[in-house]
Colleague: 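Shown below is the structure under consideration.
Just so it is clear, the model here is predicted, and its values are computed rather than measured. All heavy atoms count here, side chains included; hydrogens, waters and symmetry mates do not. Naming: A, B, ... by sequence-line order, numbering from 1 per chain.
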Amino acid sequence: MNKGYPSSAAAVADIPDGASIMVGGFGLAGLPVNLLRALAEQGARGLTIISNAAGRGDLGVGRLFKGRQVRRFIGCFPVPGHSQHFEEQFLRGEVEYECMPQGTFSERIRAGGAGIAAFYTPTGVGTILAEGKEQREFNGRSYVLEHGLTADYAFIKGYRGDRWGNLAYRGTSRNFNVMMATAARVTIAEVEEVVELGALDPEAVVTPGIFVQRVVRGEVYDKTWVA
Amino acid sequence: MNKGYPSSAAAVADIPDGASIMVGGFGLAGLPVNLLRALAEQGARGLTIISNAAGRGDLGVGRLFKGRQVRRFIGCFPVPGHSQHFEEQFLRGEVEYECMPQGTFSERIRAGGAGIAAFYTPTGVGTILAEGKEQREFNGRSYVLEHGLTADYAFIKGYRGDRWGNLAYRGTSRNFNVMMATAARVTIAEVEEVVELGALDPEAVVTPGIFVQRVVRGEVYDKTWVA
Amino acid sequence: MTRPGLPDEQIAQRIAAELEDGWYVNLGVGIPTLVGNCLPPGRDILLHTENGMLGIGPRPPQGEEDIDLINAGNQPVTVLPGSCFFGQADSFAMIRGGHVDVSVLGALQVSERGDLANWMIPGQRVGRVGGAMDIAVGAKRLFVAMGHTTRDGAPKIVKRCTYPLTAVGAVKKIFTNLAVIEVGPAGLVLLEVAPGVTPEQVAAATEPPLTIAPDLRTIPF
Amino acid sequence: MTRPGLPDEQIAQRIAAELEDGWYVNLGVGIPTLVGNCLPPGRDILLHTENGMLGIGPRPPQGEEDIDLINAGNQPVTVLPGSCFFGQADSFAMIRGGHVDVSVLGALQVSERGDLANWMIPGQRVGRVGGAMDIAVGAKRLFVAMGHTTRDGAPKIVKRCTYPLTAVGAVKKIFTNLAVIEVGPAGLVLLEVAPGVTPEQVAAATEPPLTIAPDLRTIPF
C-alpha cells in the first residue's frame with residue numbers, strides 16, 4: 001500500500017465537474033494551498049466547496065471563486081472585505097451559499113464521517129439559521145436537528161505524513177482538517193514532509209491513515225506572516 | 001490552578017451515595033484501579049456505574065459490585081464467567097442493567113460531553129436493543145435515536161498528566177477514558193506520573209486539561225500480564 | 001464627541017478582574033481580545049480559541065509570528081507550558097458541552113432578557129456567523145463587552161433586539177464604557193458605573209428599565 | 001465425530017486470501033482472530049481493533065506482553081511501524097462511518113438474507129453485545145467465519161434467525177468448514193466447497209436453498 005502521489009496536480013487530476021470538495025484550514029494554518037492551486041489549474045467547474053471561509057483575495061478557495069469554478073459554497077465565515085470573489089458572485093446570484101454556525105459545521109462533518117445521520121444541537125435555536133429546521137426539546141431545552149455532511153473529496157493539509165496516510169499536525173493547523181479527513185469518499189492530504197513508516201510517534205498521529213486515500217508533498221509553502 | 005490531589009482516597013472522598021460514575025478502561029489498559037480501590041474503601045453505595053465491562057472477579061468495577069455498592073450498571077460487556085459479582089446481583093434483581101452496543105455507548109458519552117442532546121445511529125436497527133426507541137429513515141436507511149449520556153463523576157486513567165489536567169496516554173489505554181473525561185461534572189484522572197507543566201508534548205496531549213477537575217498519581221500499578 | 005466613561009482597554013481590564021483562577025476563557029474579537037492583555041497576575045487563566053488551542057500565550061514579537069499558531073481572530077499567538085492543540089470538532093465540543101467557564105463577546109445589541117445580536121446587520125446579504133452562536137449558547141457564562149451605545153448615541157441595550165439574533169437569553173453580564181449590568185431573572189440590574197458616570201446617565205443610554213443594585217458601586221481601578 | 005471439511009485454521013486461511021492490499025480489517029474473536037495469523041505476504045493489510053488501534057502487530061513472545069497493548073479480545077499485541085492509537089469514539093467513528101473495508105465476525109446464525117445473530121442465546125438473561133452490532137452495520141463488507149452447523153449438526157445458515165439479531169441484512173459472505181457462500185440479492189449462492197465436500201453435502205447442512213455458482217470451485221490451498 002502506497003498512497004503517495006507524485007504531485008498535487010496528479011492528486012487532483014481526476015476530480016470531475018460538479019464534485020463536492022471539503023477544504024480544511026483556518027487562516028493560513030492547515031490550508032491546503034498546493035491542492036487548491038492544482039485544482040485551479042485543473043479547471044473543474046460547478047464545484048460545491050465546503051470550507052469555513054471563502055478565501056482571502058486569490059488565496060485559499062478564493063482562487064476557485066476567481067476562476068468561476070464554484071457553484072455552491074457551504075461555510076461559516078466569508079471574511080469581510082477579503083472574500084470579494086465569492087461575495088461578488090453570491091450577490092449576483094451566480095453562487096449559492098449555505099451559512100451555518102461553525103460548531104454545527106464542524107459537528108455535521110464529524111457526524112458525516114462517523115456514520116451519524118443527524119443530531120440535535122442547541123446552537124442556533126431562535127435565530128434565522130434555525131428557520132425551517134426541526135426543533136425539539138430535551139430536558140426542557142430546545143435543540144435543532146442538523147444532518148451529517150459528507151463530500152466526494154476532502155483537501156486537507158498535515159505537517160508530516162507517511163505512505164499509509166497517517167498524519168501529524170503542527171499547532172493550530174488541525175482545525176477542520178481532522179474532521180474533513182473522515183467525511184470524504186477520497187481524502188487528499190498534502191503535507192510538508194513525507195516520512196518513513198514508523199517515523200511518526202504513534203501517540204501523536206492525529207489523522208489515522210484509514211481516513212486518507214492520497215498523500216502528496218506540497219510543492220511550495222510560503223510561511224511568511226501576512227498581517 | 002493546581003488540580004493535584006494527594007491520594008486516590010482524597011480524590012474520591014466527597015462522592016456521595018447515589019452518584020453516577022463513568023469508569024474508563026478496556027481490559028486492564030486504562031483502568032483506573034487506584035480510584036476504584038479508593039472508592040471501594042470509601043464505601044459510597046447506590047451507585048450508577050457506567051463502564052464497558054462489569055469487572056473481572058474483584059478487579060475493576062467488580063470490587064464495587066462485590067461490596068454491593070452498585071444499584072445500576074450501564075454498559076456493554078460483562079465478561080462471561082468473570083463478572084460474577086455483577087451477574088449474581090443482576091440475576092437476583094438487586095442491580096439494574098442497561099445494555100447497549102459499544103459504539104452507541106461511546107457515542108452517547110461523546111455526545112453528552114459535547115452538548116449534543118441526541119443523535120441517529122444505524123447501529124441496533126432491527127434488534128432487541130432498539131425496541132421501544134424512536135426510529136427514523138434518512139436517505140432510505142433506518143436509524144435509531146440515542147441520547148447523550150453524562151455522569152456526576154468520571155474515573156479515568158492517563159499515563160502522564162500535569163497539574164492543569166492535561167493527559168497523555170499509552171497504547172490502547174485511551175479507549176473510553178477520552179470520551180468519559182468530557183462527560184462528567186467532575187472528572188478524576190489517575191496517572192502513572194505527574195509531570196511539570198510543559199513536559200507533555202502539546203501535540204500529543206489527548207485529553208486537554210479543561211475536561212479534568214482532579215489529578216492524582218495512582219499509588220500502585222501491577223503491570224504483570226495476566227492471561 | 002469623545003465617548004464618555006471608560007476606554008476599551010479599561011472595559012477589558014474590568015472584565016479581566018472578573019476572571020477566577022482556573023477558569024477557561026474564550027475571547028471574541030474587538031474589546032474581548034483586549035482582555036487577554038490584562039489578565040490578573042497570580043491566577044492561571046487559560047485562554048481557549050475555537051480554532052483549536054487551549055492556553056494561548058501572548059502575541060509574539062514582530063518577525064516571530066508563525067502561520068501555524070493563530071487565534072480565531074487570525075492573530076499570531078504563542079505556546080505556553082501546558083498549552084495543547086485539537087481539531088475544531090473537539091474545540092466546539094468544549095464550547096457546546098459547557099466546559100468553557102466564560103466567553104466574552106462583542107455585541108451589536110443585547111436585550112433585557114439576555115438575547116444577543118452580534119453577527120449580522122439587518123439587510124446584510126452575506127452572513128458570516130463564525131463560532132458566535134455556538135459560543136453564545138455553550139459557555140457557562142456569557143459576558144458582553146461593547147460600547148454602551150452606537151456612535152450615533154442609540155442604545156445597544158434594548159427591550160427587543162431588532163438585529164438578527166445570535167442566541168436567546170444567553171447573556172449574563174454586560175460590560176460597557178458606562179457600566180456593568182447584570183441580566184437577572186427580573187430584568188437588568190445596574191451593578192457598577194464608570195468613574196464620573198451617574199446611574200441616570202446609564203439609564204438614559206439604555207432602552208429597558210434598570211434596577212439599581214443596592215450595593216451599586218463605581219468600577220474600581 | 002470429527003467435523004468434516006476444513007479445520008478452523010484453514011477457514012481463516014481462506015478468508016485471509018480474500019483480503020486485498022491496502023484493506024483495513026477488523027477481526028472478531030474465535031476463527032476471525034486466526035485470520036490475523038495468516039495474512040498473505042506482500043500485501044499491506046491493516047488490522048483495526050475497536051478498543052483503539054490501527055495496524056496491530058502479532059502477539060509478542062511470552063514475557064513481553066504489555067497490558068497497555070491489547071486487542072478487543074483482550075489479547076496482547078505489538079506495535080508496527082505505521083501503527084496508531086485512538087479513543088473508542090474515534091474507533092467506532094471509523095467503523096460506523098464505513099471506513100473499515102471488511103469485518104470478519106463469528107456467528108450463531110446467519111439468515112438467507114444476511115441477517116446476523118451472534119451475541120446472545122435465546123433465554124440468556126445477561127446481554128453482552130460489545131461492538132458486534134456497530135461492526136456488523138458499519139463495515140463496508142461483513143464476512144462471517146463459523147462452523148457450518150452446530151455441534152449437534154443443526155444448520156446455522158437458516159431461513160430466519162431464531163436467535164436475537166445483531167444486524168439485519170448485513171452479511172456479504174459466509175466462510176465455513178464446508179463452503180464459501182455469498183449472500184446475494186436473490187438468496188444464497190454457493191461459490192466454493194471444501195476439498196472432498198460435495199455441493200449436496202453443503203445443501204443438506206444448510207436450511208435455505210442454495211444456488212450453485214456457475215463457476216463453483218473447490219477452495220484452493
Colleague: Of the listed residues (A/S83, A/P101, A/G126, A/G75), which shares the most heavy-atom pairs with chain C below a 4.5 Å separation?
Modeller: A/P101
Colleague: Find the one option among C/G131, C/G138, C/G130 whose heavy-atom pairs under 4.5 Å with chain A are most numerous.
Modeller: C/G130
Colleague: Could you check whether any side-chain heavy atom of C/I95 comes within less than 4.5 Å of a side-chain heavy atom of A/Q102, counting everything from C-beta outward?
Modeller: no
Colleague: Does atom CZ of A/R217 have more than 12 heavy-atom neighbours, drawn from other residues, nucleotides or ligands, at distances under 6.0 Å?
Modeller: no
Colleague: Less than 4.5 Å apart, any side-chain heavy atom of C/F92 and any of A/E107?
Modeller: no
Colleague: Could you check whether atom CZ of C/R151 has more than 12 heavy atoms from other residues, nucleotides or ligands sitting under 6.0 Å from it?
Modeller: no
Colleague: Name the option with the most non-hydrogen atom pairs under 4.5 Å to chain C; the candidates are A/F86, A/F90, A/F26.
Modeller: A/F26
Colleague: Measure C/A72 against the heavy atoms of chain A and call it side chain, backbone, both or neither at under 4.5 Å.
Modeller: both
Colleague: Using modelled atom types and a 3.5 Å cut-off, is there a donor and acceptor pairing between side-chain atoms of A/T123 and backbone atoms of C/M133?
Modeller: no
Colleague: Closest approach of C/D134 and A/G103, non-hydrogen atoms and distance?
Modeller: OD2-N, 2.8 Å
Colleague: Under 6.0 Å from the NZ atom of C/K159, do we count more than 12 heavy atoms belonging to anything else shown?
Modeller: no
Colleague: Taking atom CZ as the centre, does C/R160 end up with more than 12 heavy-atom neighbours from other residues, nucleotides or ligands that are less than 6.0 angstrom away?
Modeller: no
Colleague: Can you tell me which portion of A/R108 sits under 4.5 Å from chain C's heavy atoms? Options are side chain, backbone, both or neither.
Modeller: neither
Colleague: How far does CG of C/N74 sit from CZ of A/R56, to the nearest 0.5 angstrom?
Modeller: 5.5 Å
Colleague: Which value, rounded to the nearest 0.5 Å, describes the distance between C/R96 atom CZ and A/S106 atom OG?
Modeller: 8.0 Å
Colleague: Contact part of C/A89 toward chain A, heavy-atom cut-off under 4.5 Å: side chain, backbone, both or neither?
Modeller: both
Colleague: Does any heavy atom of chain A fall under 4.5 Å from the side chain of C/S83, the backbone, both, or neither of them?
Modeller: neither
Colleague: Salt bridge check, A/R174 against C/D90: does any charged N sit closer than 4.0 Å to a carboxylate O?
Modeller: no
Colleague: Does any heavy atom of chain C fall under 4.5 Å from the side chain of A/L91, the backbone, both, or neither of them?
Modeller: both
Colleague: Counting N and O atoms only, with roles assigned by atom type, does the side chain of A/Y97 sit under 3.5 Å from a partner on the main chain of C/G127, one being a donor and the other an acceptor?
Modeller: yes
Colleague: For chain A, which candidate among C/I70, C/D115, C/V168 shows the most heavy-atom pairs at distances under 4.5 Å?
Modeller: C/I70
Colleague: Counting heavy-atom pairs under 4.5 Å with chain C, which one of A/P78, A/G27, A/C99 comes out on top?
Modeller: A/P78
Colleague: For C/Q62, is it the side chain, the backbone, both or neither that has a heavy atom under 4.5 Å from a heavy atom of chain A?
Modeller: neither
Colleague: Is A/T104 in contact with chain C via its backbone, its side chain, both, or neither, using a 4.5 Å heavy-atom distance?
Modeller: both
Colleague: So do A/T127 and C/M120 actually touch side chain to side chain, heavy atoms under 4.5 Å?
Modeller: no
Colleague: Under the ring pair (Phe, Tyr, Trp, His ring centres under 6.0 Å) rule, collect the residues that match up with A/F176, sequence neighbours excluded.
Modeller: A/F105
Colleague: Is C/F85 close to chain A through its backbone or its side chain, or both, or neither, when contacts mean heavy atoms under 4.5 Å?
Modeller: both
Colleague: Roughly how far, to the nearest 0.5 Å, is the CD1 atom of C/I67 from the CG atom of A/L31?
Modeller: 8.5 Å
Colleague: Measuring from atom CG of A/N52 to atom CD of C/Q88, what distance do you get when rounded to the nearest 0.5 angstrom?
Modeller: 6.5 Å
Colleague: To the nearest 0.5 Å, what is the distance between CH2 on C/W119 and CG on A/L129?
Modeller: 4.0 Å
Colleague: Do you know the tightest heavy-atom contact between A/V178 and C/G87?
Modeller: CG2-CA, 4.1 Å
Colleague: Minimum heavy-atom separation for C/P76 to A/W225, with atom names?
Modeller: CD-CZ2, 3.1 Å
Colleague: Supply the atom-to-atom distance A/N175 CG to C/F86 CZ, rounded to the nearest 0.5 angstrom.
Modeller: 11.5 Å
Colleague: Please state whether the side chain, the backbone, both or neither of A/V206 comes within less than 4.5 Å of a heavy atom of chain C.
Modeller: neither
Colleague: For C/D68 and A/Y169, what are the C-alpha separation, side-chain angles and deciding distance, and is it a side-chain contact (heavy atoms from CB on, under 4.5 Å)?
Modeller: CA-CA 9 Å; C/D68 290 334; A/Y169 294 84; over 6 Å; no
Colleague: Tell me, do C/D66 and A/R170 make a side-chain contact under 4.5 Å, heavy atoms counted?
Modeller: yes
Colleague: Which atoms of A/Y159 are under 4.5 Å from chain C, going by heavy atoms: the side chain, the backbone, both sets, or neither?
Modeller: neither
